[in-house]
Amino acid sequence: MDLSQPTPRTISILSCRGCNDSPNSSDGESSFTKRNQDERQQEMMKPTEDLLSSELNKLSLQERSKALEDLHCVGEELEETPDMILQSLEEFDQVVKAGIYPMYNQAISQNRAYVEDSSFRLMFLRANAYDAQKSVRQMVNHLHQKAQYFGEDKIARDIRLDDLNAEDIQVLLSGFLHVQGERDRTGRGILCTFSHLLGRWNHPSSQWTIQNVIRVHYYLMFHMLLPIPDVQTKGLVIVYYDSLPEGEKLSMPSIYDFVTMKAYRNTVPIRYSALHLCLKKEEKGLAFKNNFFQALLKNLTQYVRVRTRVHSGSNLETLYSLRSYGIPLDSFPVGEDGTIRTEFMLNAWFTKRAGEEARDDEDERFDLFSKDDEPFPIDETMGLPPPDDRMDSVVPDDPMNISVFQGVGHPGEPDPLPSAPAIPVAKDEPIQPLQQDILLGRGAGMMQHPGNIRFREFLELYQDKYDRAQRNRRGKVAAEVVATLTNQGVRFLQVDGHGDWVNSDPAKAEEKVGQLFRSRRKRSIKA
């Protein structure tokens with residue numbers, strides 16, 4: 001994108017305005033009209049600038065400097081050390097235990113591991129500068145909002161795409177909320193929204209509601225942005241772009257919409273590091289809707305208001321100004337002529353979804369369950385032999401056969417029987433698979449191997465724990481399964497390039513266990 005245009009001629013501390021007319025213009029009437037329009041716009045926006053200016057004046061010199069640094073993309077991320085994190089988590093736990101929180105207790109009853117997970121709690125601590133009291137209060141309010149929009153049965157697990165309804169999907173695919181594929185100069189996430197879709201849920205012909213917008217916002221935040229540690233520690237940048245086509249009337253959100261969104265937004269564990277309002281100099285655009293900005297800014301916290309910058313000018317001038325604030329333009333969803341660059345809309349989301357679907361496809365090809373060149377079984381038995389035949393298929397004279405898997409209880413429970421010792425294997429000695437071993441690979445023989453049959457049954461004990469875990473913690477559940485079985489003397493074996501059985505690398509075994517969990521989960525959702 002060529003941005004050789006000079007910087008906007010007039011820049012205030014709160015707004016960046018560009019001048020569209022030339023002092024040597026031959027069209028005097030047009031120049032006069034533009035100047036008159038600029039004056040009206042400045043008059044309309046003056047109360048907004050006065051509000052922003054007054055907020056800055058309330059800050060100390062140090063606070064003001066920090067706000068401007070965040071705006072100009074030179075701010076620092078949260079400083080944290082391992083000891084500080086541990087201390088903050090301990091304080092968080094103490095505050096939780098000292099309070100009475102029915103919704104939190106309900107989440108505990110559903111999935112204790114989810115709400116006690118340190119990564120879940122750290123999101124709230126980081127969003128509140130490690131203030132345990134504020135963090136706990138926000139977390140509890142977050143659970144209430146999550147219950148309101150997704151149901152109380154989902155408060156202790158991740159929200160998935162299949163939790164969104166048809167109207168939610170319409171909002172998602174509209175691009176109204178767009179996660180930019182690149183982050184800004186300091187690594188902060190960027191969320192864009194557009195005026196041509198603003199308030200669409202109030203249009204008589206629209207099936208959208210503010211609730212649809214909130215559910216999509218939640219999904220994007222917790223699915224794409226908050227899992228990134230840099231976004232948690234450095235914050236999020238919001239870009240609001242006036243994309244209304246010329247001559248089209250702007251739909252305005254209602255007061256109810258503002259109040260509803262504010263109640264929800266205050267429970268999202270994220271620091272808003274900067275807010276950029278990009279306006280056109282058109283009387284039907286947002287630059288002449290000061291009442292909207294007054295309502296918007298008053299519904300924001302002071303922390304966000306002092307990090308707000310208003311950009312006003314041509315599209316090229318606005319883009320140039322955004323670049324000076326560290327926002328990359330190569331993947332920015334608006335072109336120099338103001339058109340929406342549809343090739344970038346939802347690109348980051350589609351890329352992420354494509355990766356997940358490719359991983360799911362790989363899971364279905366992984367064949368502890370299925371046979372070569374046969375469809376992936378979707379019956380309730382998961383391709384297991386009939387129940388009466390399962391135990392008979394295990395060779396009875398194997399001395400390890402009696403204890404294997406029996407010594408493993410439900411997740412988190414003590415083993416009722418002592419663990420069997422691991423089987424030593426000489427470095428150069430060929431490995432002969434035993435009945436309790438788990439064979440990684442494809443084919444009916446592996447599918448019907450007694451160890452694989454037992455393994456599929458054993459996974460059922462952990463499936464719920466895996467499904468309830470946060471996405472970034474599911475790998476630990478798979479690792480726990482591998483470690484538990486290994487301690488029972490079970491080996492994960494695979495065939496090497498010479499056709500010999502060898503011990504699988506633990507990381508490879510954990511990867512395959514994770515694939516099986518995801519395949520079982522995907523199949524249960526389809527059912």
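Note: hydrogens, waters and symmetry copies are ignored here, and every other heavy atom, side chains too, is used.
Of the N and O atoms on the side chains of N141 and Q145, not one donor lies less than 3.5 Å from an acceptor on the other residue. Looking only at atom types and distance, the side chain of T186 has a donor-acceptor partner in the side chain of D184 under 3.5 Å away. A donor and an acceptor atom, one from each side chain of T484 and N487, are nowhere located under 3.5 Å apart. Q138 and T267 share no side-chain donor-acceptor pair at under 3.5 Å.
Checking side-chain atoms of T193 against main-chain N and O of F176 turns up a donor-acceptor pair under 3.5 Å. Between the side chain of D70 and the backbone N or O of A274 there is no donor-acceptor pair closer than 3.5 Å. Without hydrogens or angle criteria, N212 side chain to T209 main chain gives a donor-acceptor distance under 3.5 Å. Using a distance-only test at 3.5 Å, with no hydrogens or angles considered, no donor-acceptor pair links the side chain of R491 to the main chain of D437. The backbone N or O of V171 sits less than 3.5 Å from a side-chain atom of S174, completing a donor-acceptor pair.
V140 is linked by a side chain to side chain contact (heavy atoms under 4.5 Å, CB included) to Y101, V136, H144, counting only residues two or more places apart in sequence or in another chain. Every side chain to side chain contact (heavy atoms under 4.5 Å, CB included) that Q87 has, sequence neighbours left out, goes to E91. A search for side chain to side chain contact (heavy atoms under 4.5 Å, CB included) contacts involving S88 returns M84, L125, Y130, not counting sequence neighbours. By the side chain to side chain donor-acceptor pair (under 3.5 Å) test, Q110 pairs with no residue at all, sequence neighbours left out. Not counting sequence neighbours, the partners of R157 by the salt bridge (Lys or Arg N to Asp or Glu O under 4.0 Å) test are D163. With sequence neighbours excluded, the residues satisfying ring pair (Phe, Tyr, Trp, His ring centres under 6.0 Å) with Y264 are H217. Listed by chain and number, the residues in a side chain to side chain contact (heavy atoms under 4.5 Å, CB included) with R265 are M261, K262, Y272, N299, L300 (sequence neighbours excluded). Applying the salt bridge (Lys or Arg N to Asp or Glu O under 4.0 Å) test to D230 and every residue at least two apart in sequence or in another chain returns R183, K234. The ring pair (Phe, Tyr, Trp, His ring centres under 6.0 Å) test applied to F120 returns Y114, F124, not counting sequence neighbours.
Contact detail for N452 and I438: the closest heavy-atom pair is OD1-CA, 3.4 Å. The two atoms that bring L89 and S118 nearest to each other are CD1-CB, 3.8 Å, heavy atoms only. Here the closest non-hydrogen pair linking I159 and Y219 is O-CD1, 4.0 Å. The two residues G235 and S273 have their closest heavy-atom pair at CA-OG, 3.3 Å. The two residues Q180 and I327 make their nearest non-hydrogen contact at OE1-CG2, 4.2 Å. Of all heavy-atom pairs between F492 and V482, the closest is CE1-CG1, 4.0 Å.
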Quiz item: Between Y240 and H276, is a ring pair (Phe, Tyr, Trp, His ring centres under 6.0 Å) present by the stated rule, with each step listed?
Solution: CA-CA 6 Å; Y240 184 88; H276 296 278; over 10 Å; no
Quiz item: Should L236 and M221 be marked as a side-chain contact (heavy atoms from CB on, under 4.5 Å) after you check the CA-CA gap, both sets of side-chain angles, and the distance that decides it?
Solution: CA-CA 10 Å; L236 180 68; M221 291 296 296; 4.0 Å; yes
Exercise. Walk me through it: do L440 and S504 pass the test side-chain contact (heavy atoms from CB on, under 4.5 Å)?
Key: CA-CA 8 Å; L440 306 182; S504 176; 3.6 Å; yes
Exercise. Check the pair Q62 / S60 against side chain to side chain donor-acceptor pair (under 3.5 Å), numbers first and verdict last.
Key: CA-CA 5 Å; Q62 182 178 3; S60 67; 5.4 Å; no
Practice problem: Step by step, work out the side-chain contact (heavy atoms from CB on, under 4.5 Å) result for R307 and K66. | Solution: CA-CA 9 Å; R307 288 165 172 77; K66 180 65 172 70; 3.8 Å; yes
Exercise. Would you please test L191 and V237 for side-chain contact (heavy atoms from CB on, under 4.5 Å) and show each step?
Key: CA-CA 6 Å; L191 181 66; V237 176; over 6 Å; no
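Between F517 and Y462, a ring centre-to-centre spacing not shorter than 6.0 Å is recorded.
Screening residues 209-219 for salt bridge (charged side-chain N to carboxylate O under 4.0 Å, His left out) gives D168-R215 as the qualifying pairs, with residues at least two apart or on separate chains. Annotation: salt bridge (charged side-chain N to carboxylate O under 4.0 Å, His left out) contacts involving residues 123-137, sequence neighbours excluded, comprise E80-R126. Each salt bridge (charged side-chain N to carboxylate O under 4.0 Å, His left out) pair with one or both residues in residues 103-123, not counting sequence neighbours, appears once here: D93-R121, R112-E116, D117-R473.
Atoms OH and CG, from Y104 and L143 in turn, are 9.0 Å apart once rounded to the nearest 0.5 Å. A distance of 9.5 Å separates CG in N128 from CZ in F92, rounded to the nearest 0.5 Å. Taking NE2 of H72 as the reference point, atom CZ of R185 lies at 10.0 Å (rounded to 0.5 Å). Taking CG of L164 as the start and NE2 of H223 as the end, the distance is 10.0 Å to the nearest 0.5 Å. The structure places CD of Q436 at 8.0 Å from NE2 of H449, a figure rounded to the nearest 0.5 Å. Atom OG1 of T260 sits about 6.5 Å away from atom CD of Q211, to the nearest 0.5 Å.
Residues C278 and Y241 form a side-chain contact, since some pair of their non-hydrogen atoms from C-beta on lies under 4.5 Å apart. Under the 4.5 Å side-chain criterion, counting only non-hydrogen atoms from C-beta, I210 is in contact with Y256.
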